[in-house]
Q: 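Before I ask anything, here is the structure I am working with.
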Amino acid sequence: MKTLFMLIVSACLILSSFASAEEKGLKDYFQNDFYLGVALGQNFQENEQVVTLVKQHFNILTPENAMKWQPIHPEPDRYDFKAADALVEFAQQNNLKVIGHCLTWHSQTPKWVFENADGTPVSREELLKRMQEHITTVMTRYKGKILGWDVVNEAIKDGDDEVVLRDSPYLKIIGDDYLEYSFRFAKAADPSAELYYNDYSMADPKKRAKALILLKGLLDKGAPIDGVGMQGHWNIYDPPLEEIEKSIIAYHNLGLKVMITELDLSLYKFEDRSNLYPESAPDSMLQVQAEHYAAIFALFKKHSDKITRVTFWGPTDRYSWLNNFPARNRRNYPLLFDREGAPKPAYDAVIKAVE
Ligand code: GLA
């Protein structure tokens, strides 16, 4: 009797270990390294397959659009929290952390923010007041439910010149201390949330030089900034691994947490608008992509003492913004899961590289 009981117990244990091996997700391979994140649009819950995939592979989410100024605060006296609330609730029910994205950005911000009722530009004082009100209202609503916020997004100017800051309405109206104000308003609104600066091309040497000037300046002024997000909208040709590595090290050396916040690997070079794979991507290209993803994740793993999170910009190829950018309706294949939610060669390559 006792032996039979023992047999049944061991059979159950074996079966359950098979089950958990089967359900192992991407996040589990990095559980001692960094959070594994995904950006989600508001309609993702309509697709049961995506919901399952998100729960299996990720432990943190970023609302793709729902917390941007335009959708969440479309008019001076009107906030619309519906989509953001739903994402935060989904995260809480499923044990995922949440990143808030984003508070101060020149894009996807309504025009009224920068204008008086008669269309003339607002004063510096008025814009600072509007920023503070917006940041305080949004952050207070989700206080205690958000691990960290992208406080300022994409403030750096592109180009070979020496000019650090983008010529945005914030810069024009307030001056270069608008970033410091953003961080201070955010700190006051939710002192326990981490606060980040987030931008693209952060592995480009020229942009890195500008970013280091900006971030060091903020830190010197005592701005409450905890981390820096390298968006990671990369492709299978660019940027070189060495530049990614130099950036991770350089930002870390400032004393900041480093995050890869919007990762995708396009099959096209940045400026390429051709449509070579309208139906499906050839195996040879998926293989090249797999090798790149594997090398990138091996690098992330090597620097896991500096990196706190790696977030993909979308759950599957079907939901990627790159299907509409830079060319509308051009299919792209930038993520680890295909249009049906099945793991691509890149998924297996990443696991193999870090196991
Ligand atoms: C930037 C923003 C994101 C998103 C992408 C494109 O990287 O930070 O919120 O808009 O562009 O989808």
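First listed ligand is number 1; within each ligand, the first listed atom is number 1. No hydrogens, no waters, no symmetry mates; every other heavy atom, side chains included, goes into these values.
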Q: Determine, for Phe81 and Arg141, whether the Lys NZ or Arg CZ falls below 6.0 Å from the six-membered ring centre while staying within 45 degrees of the axis.
A: yes

Q: Assess Arg318 against Phe337: is NZ or CZ under 6.0 Å from the centre of the six-membered ring, and within 45 degrees of the ring's axis?
A: no

Q: Under a 3.5 Å threshold, I'd like every N/O contact between ligand 1 and protein atoms, with atom names and distance.
A:
unit_1, atom_1, unit_2, atom_2, d
ligand 1, 7 (O), Gln231, OE1, 2.8
ligand 1, 7 (O), Gln231, NE2, 3.4
ligand 1, 7 (O), His233, NE2, 3.1
ligand 1, 7 (O), Glu262, OE1, 2.4
ligand 1, 8 (O), His101, NE2, 3.4
ligand 1, 8 (O), Asn153, ND2, 3.0
ligand 1, 8 (O), Gln231, NE2, 3.4
ligand 1, 8 (O), Glu262, OE1, 3.4
ligand 1, 8 (O), Glu262, OE2, 2.8
ligand 1, 9 (O), Lys68, NZ, 2.8
ligand 1, 9 (O), His101, NE2, 2.5
ligand 1, 10 (O), Lys68, NZ, 2.9
ligand 1, 12 (O), Trp313, NE1, 3.3

Q: Can you list the steps and then say if Asp264 with Trp321 is a side chain to side chain donor-acceptor pair (under 3.5 Å)?
A: CA-CA 10 Å; Asp264 40 34; Trp321 71 296; 2.9 Å; yes

Q: Could you walk me through whether Asn323 and Arg339 pass the side chain to side chain donor-acceptor pair (under 3.5 Å) check?
A: CA-CA 11 Å; Asn323 294 307; Arg339 288 186 150 59; 2.7 Å; yes

Q: Using side-chain heavy atoms (C-beta onward) and a distance below 4.5 Å, is Arg124 in contact with Tyr178?
A: no

Q: Do Lys269's NZ or CZ and the ring of Tyr237 fall within the cation-pi criteria of under 6.0 Å and 45°?
A: yes

